[in-house]
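Here's the structure, in structure tokens; my notes come after.
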Amino acid sequence: MSDKFKKTILCIGAGYVGGPTMAMIAHKCPQYKVNVVDINPERIDQWNSDNLPIYEPGLYEVVVSARNKNLFFSTDVEKGIKESDIIFVSVNTPTKTFGVGAGMAADLQYWEKTARQIRKYSESPKIIVEKSTLPVKTAQAMERILTSKGQEVHFEVLSNPEFLAEGTAIEDLEHPDRVLVGSNETPEGLKAREELVDIYSEWVPREKIVTSNIWSSELSKLVANAFLAQRISSVNAISRLCEKTDADISEVAYAIGMDSRIGSKFLNASVGFGGSCFQKDILNLVYLCRSYGLNEVADYWESVVKINDYQKESFVMNMLTAMFNTLAEKRICLFGFAFKANTGDTRETPALYISKKLLEENARLVISDPKALPNAKKDLDGINGEITYQEDPYEAAAGSHAVAIITEWDVYKTLDYEKIFNSMKKPAFIFDGRNIVDHEKLFNIGFNVYAIGKPALTHF
Ligand code: NAD
Ligand code: UGA
């Protein structure tokens, strides 16, 4: 611990969660020194530059306010561990791609490596905070690894899952709905819990800081994501029924959302949910249920992912059917590649599935996005077919047979669609995978308009 500061915090993993979360803690708590380490030197260089590794509104200002004062980014994991009193583990926990549980279980190799490093380099007692999303009971495994050398050093493991959403990370961190801290219910566990609560209390109202036993905390994170994703799959499932019955999903969602027991948020029908967490966390939950022999419970949650896959497939099938069952040689423009607006992140984006399917139909793809083109290029690298990347949406749409809106970026809501229509091949099609444009207006301009869960507006 360095003298100038009350305590030294370390975060292992400088990704979408570790970077913004630690920047916010450092910004709000100048009395704590916050070190952030990562094994990826390129990422650390970017955190130390003006060109941060992730796009997140408001992030730059928060980072700059604390960087090199009480916020430091480095690759020196050993030094970071030795210096720290509290260690947040915020490494990636993707879906396993090999061996037992492939395609379902969480891949805990990065998490386990950090546990072993902490054990190896620690010379003083520490609080270890699980920030990554992990299967319930992981804290037990963490404790077993940390104490397996019969060390003198005491480690107290806490669970403090992160609920921020990308694109609104800074707002979510600054004004969270709640902060959850789970601990062992022993005197040491409760003391460690209070230390973490003290940090958040610097800016989060005390009544929003929820404490629980450690297993409830671990499980609550998976369940929160499963419930959120379930809402989207529920509304998306009904959107398909709307398309068959001339009902309008926006009207249905509005009507049901006004019931305060249901609530109006997270009912936007879409081309399907993406992002690095919903699918992986539900699959993780499904795998856990199966491993406890709860097959019916597992099937129930797995259906949320199946509906999501079906929604993405249906979007492409609708395009193919509407465009006379052939897309070969047709120029098709995607508006948006990120998995949601206000981020450059493309992990599990529906755009990737859609791009691959369109390329299989021999369509010529033009991809446009305000922030995600570098990631889109990496994702589509090596995939057969003609792909052009064009940030300017007017240039991207010119000469196209169809425009498909994949990401709900604000910029796509206010484009001059008359100009776009005039530059396109006829008949011109628009497929609104986010229901964000004025369909009636576009139809009157001359487009054939296909939205999610709404009657198609066509000139045929
Ligand atoms: P990420 O891939 O962006 O970041 C993880 C970082 O950890 C990477 O930079 C990687 O290099 C680093 N890392 C891996 N092993 C390491 C090691 N041994 N030592 C040092 N660094 C190491 O992932 P993310 O999106 O930040 O997610 C991290 C965790 O937070 C996941 O468990 C995820 O489920 C959870 N989560 C993510 C979000 C989100 O919006 N992305 C929100 C809530 C929770
Ligand atoms: C989600 C949760 O919202 C966070 O609380 C959680 O911390 C995070 O996962 C995580 O654990 O990683 P995120 O994936 O960043 O956050 O973004 P969301 O806003 O939840 O959007 C997820 C996907 O659902 C996006 O593709 C989005 O476009 C889609 N979505 C969202 C819809 O299709 N309809 C909606 O009504 C809302």
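In each ligand, atom 1 is the first atom listed, and ligand 1 is the first ligand listed.
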Q: Flag the pair K454 and E251 as a salt bridge only when some basic side-chain nitrogen lies within less than 4.0 angstrom of an acidic carboxylate oxygen.
A: no
Q: Say whether N40 and E42, considering side chains only, have a donor N or O and an acceptor N or O under 3.5 Å apart.
A: no
Q | Protein heavy-atom partner closest to atom 27 (O) of ligand 1 - residue, atom, separation in Å | A | V17 CG2, 4.2 Å
Q: Please confirm whether R43 comes within less than 3.5 Å of ligand 1 when only nitrogen or oxygen atoms on both sides are compared.
A: yes
Q | Mode of A169 contact toward ligand 1 - side chain, backbone, both, neither (heavy atoms, under 4.0 Å) | A | neither
Q) Using heavy atoms and a threshold below 4.0 Å, how should the contact between K221 and ligand 2 be classified: side chain, backbone, both, or neither? A) side chain
Q | Nearest neighbour in protein (non-hydrogen) for atom 2 (C) of ligand 2 | A | F278 CE2, 3.7 Å
(Q) For atom 33 (O) of ligand 2, what's the nearest protein heavy-atom neighbour? Residue, atom name and distance, please. (A) S270 OG, 2.6 Å
**Q.** Identity and distance of the protein heavy atom lying nearest atom 44 (C) of ligand 1
**A.** T133 OG1, 3.5 Å
Q: Would you mind listing which atoms of ligand 1 come within a distance below 4.0 Å of any non-hydrogen atom of G15?
A: 1 (P), 3 (O), 4 (O), 26 (O)
**Q.** Any side-chain donor near an acceptor of the partner, N308 and Q279, under 3.5 Å
**A.** no
Q) What residue and atom, counting heavy atoms only, is the protein's closest point to atom 34 (N) of ligand 2, and at what distance? A) N268 O, 2.9 Å
Q.
Tell me which pairs pass side chain to side chain donor-acceptor pair (under 3.5 Å) where either residue lies in residues 94-104, with sequence neighbours left out.
A. none
Q: Could you tell me which atoms of ligand 1, counted from 1 in the order shown, lie closer than 4.0 angstrom to a heavy atom of S276?
A: 41 (N)
Q. Are E360 and K356 close enough for a salt bridge, meaning some N to O gap below 4.0 Å?
A. no
Q: For C277, counting its heavy atoms only, list the atoms of ligand 1 lying under 4.0 Å from any of them.
A: 33 (C), 34 (O), 36 (N), 37 (C), 38 (C)
Q.
Please work out, at 4.0 Å between heavy atoms, whether the side chain, the backbone, both, or neither of L267 comes within that distance of ligand 2.
A. backbone
**Q.** Under 3.5 Å side-chain donor-acceptor pair for Y450 and E243
**A.** no
Q | Residue and atom name of the nearest protein heavy atom (relative to atom 13 (N) of ligand 1), distance in Å to one decimal | A | V91 CG1, 3.7 Å
Q) Is any NZ, NE, NH1 or NH2 atom of the basic residue among E166 and R347 found under 4.0 Å from an Asp or Glu carboxylate oxygen of the other? A) yes
Q) Does ligand 2 have any atom that is closer than 4.0 Å to a heavy atom of R231? A) no
Q: For the residue pair W203 and Y200, categorise the inter-ring angle as parallel (less than 30°), tilted (30 to 60°) or perpendicular (more than 60°).
A: tilted
Q | Shortest protein heavy-atom distance from atom 17 (O) of ligand 2, along with the residue and atom involved | A | K340 NZ, 3.3 Å
Q) Can you tell me which residue and heavy atom of the protein come closest to atom 12 (O) of ligand 2, and the distance to 0.1 Å? A) C277 SG, 2.6 Å
Q | From the candidates F266, F273, Y16, the one that places a heavy atom nearest atom 20 (O) of ligand 2 | A | F266
Q) In terms of residue, atom name and distance, what is the protein heavy atom nearest to atom 41 (N) of ligand 1? A) E166 OE2, 2.8 Å
Q. Under 3.5 Å, is there a donor-acceptor pair linking the side chains of S124 and K126?
A. yes
Q: State the CG-CG distance between L380 and L365, to the nearest 0.5 angstrom.
A: 7.5 Å
Q) Short list, please: which atoms of ligand 2 are under 4.0 Å from a heavy atom of E166? A) 15 (O)
Q: Report yes if some heavy atom in the side chain of R119 is under 4.5 Å from a heavy atom in the side chain of S148; otherwise report no.
A: yes
Q | Proximity flag L228 to ligand 2, non-hydrogen atoms under 4.0 Å | A | yes
Q | Side chain, backbone, both or neither: the part of R347 lying under 4.0 Å from ligand 1 by heavy atom | A | side chain
Q) For ligand 1, is any non-hydrogen atom under 4.0 Å from S132's backbone (N, CA, C, O), its side chain (CB onward), both, or neither? A) both
Q: Report yes or no: do T346 and D379 form a side-chain donor-acceptor pair below 3.5 Å?
A: yes
(Q) Regarding D410 and K413, does a basic nitrogen lie under 4.0 Å from an acidic carboxylate oxygen? (A) yes
(Q) Quick test: of every protein heavy atom, which one is nearest to atom 7 (O) of ligand 2, and how far off is it to 0.1 Å? (A) L164 O, 2.7 Å
**Q.** Electrostatic pair D309-K312, nearest N-O below 4.0 angstrom
**A.** yes
Q | Donor-acceptor side-chain pairing of Y55 and D345 below 3.5 angstrom | A | no
Q. So which protein heavy atom does atom 21 (N) of ligand 1 come closest to, and at what separation?
A. I39 N, 3.4 Å
**Q.** Residue portion contacting ligand 2 (non-hydrogen atoms closer than 4.0 Å) for E162
**A.** backbone
Q | Contact check: T114 vs ligand 1, nitrogen or oxygen atoms, below 3.5 angstrom | A | no
Q: Do me a favour and list the nearest non-hydrogen protein atom to atom 19 (N) of ligand 1 with residue, atom name and distance?
A: I12 CG2, 3.5 Å
(Q) Suppose we measure from atom 27 (C) of ligand 2 to each protein heavy atom; which comes out shortest, and what is that distance? (A) R434 NH1, 3.9 Å
Q: Between N92, I44, T21, flag the one that comes closest to atom 5 (C) of ligand 1 by a heavy atom.
A: N92
Q. Can you tell me if K265 has a non-hydrogen atom under 4.0 Å from ligand 2?
A. no
Q) Of all the non-hydrogen atoms in the protein, which one sits nearest to atom 14 (O) of ligand 2, and at what distance? A) F339 CE1, 3.5 Å
Q. Taking heavy atoms and a distance under 4.0 Å, where does I232 meet ligand 2: side chain, backbone, both or neither?
A. side chain
Q. Tell me, which protein residue and heavy-atom name are nearest atom 7 (O) of ligand 1, and how many Å apart are they?
A. G13 CA, 3.4 Å
Q. Relative to ligand 2, is K280 under 4.0 angstrom through side chain, backbone, both or neither, heavy atoms considered?
A. neither
Q: May I ask you to decide if S270's main-chain N or O and Q311's side chain share a donor-acceptor pair within less than 3.5 Å?
A: yes
(Q) Can you report which non-hydrogen protein atom sits closest to atom 6 (C) of ligand 1, along with the distance? (A) D38 OD2, 3.5 Å
Q. Under 4.0 Å from any heavy atom of F163, which atoms of ligand 2 are there?
A. 4 (C), 5 (O), 6 (C), 7 (O)
**Q.** Distance filter under 4.0 Å to S90 heavy atoms, resulting ligand 1 atoms
**A.** 5 (C), 28 (C)
Q: Tell me which part of L164 gets within contact of ligand 1: side chain, backbone, both or neither, using heavy atoms under 4.0 Å.
A: both
Q: Indicate the ring-plane relationship of W301 and F227, choosing parallel, tilted or perpendicular according to the 30° and 60° boundaries.
A: tilted
Q. Does the distance from a Lys or Arg side-chain N to an Asp or Glu carboxylate O, for E162 and K131, drop under 4.0 Å?
A. yes
Q. Taking N or O atoms only and a 3.5 Å limit, does T93 qualify as a polar contact for ligand 1?
A. yes
(Q) With no hydrogens and no angle check, just 3.5 Å: does a side-chain donor-acceptor pair link E143 and N184? (A) yes
Q) ligand 1 and K280, any nitrogen or oxygen pair closer than 3.5 angstrom? A) yes
Q. Does one side chain, of N213 or S216, offer a donor that lies under 3.5 Å from an acceptor on the other?
A. yes
Q: I would like to know whether R290 and D299 meet salt bridge (charged side-chain N to carboxylate O under 4.0 Å, His left out); could you show each step before the answer?
A: CA-CA 9 Å; R290 289 243 153 81; D299 292 347; 2.3 Å; yes
Q) Does one side chain, of N160 or E130, offer a donor that lies under 3.5 Å from an acceptor on the other? A) no
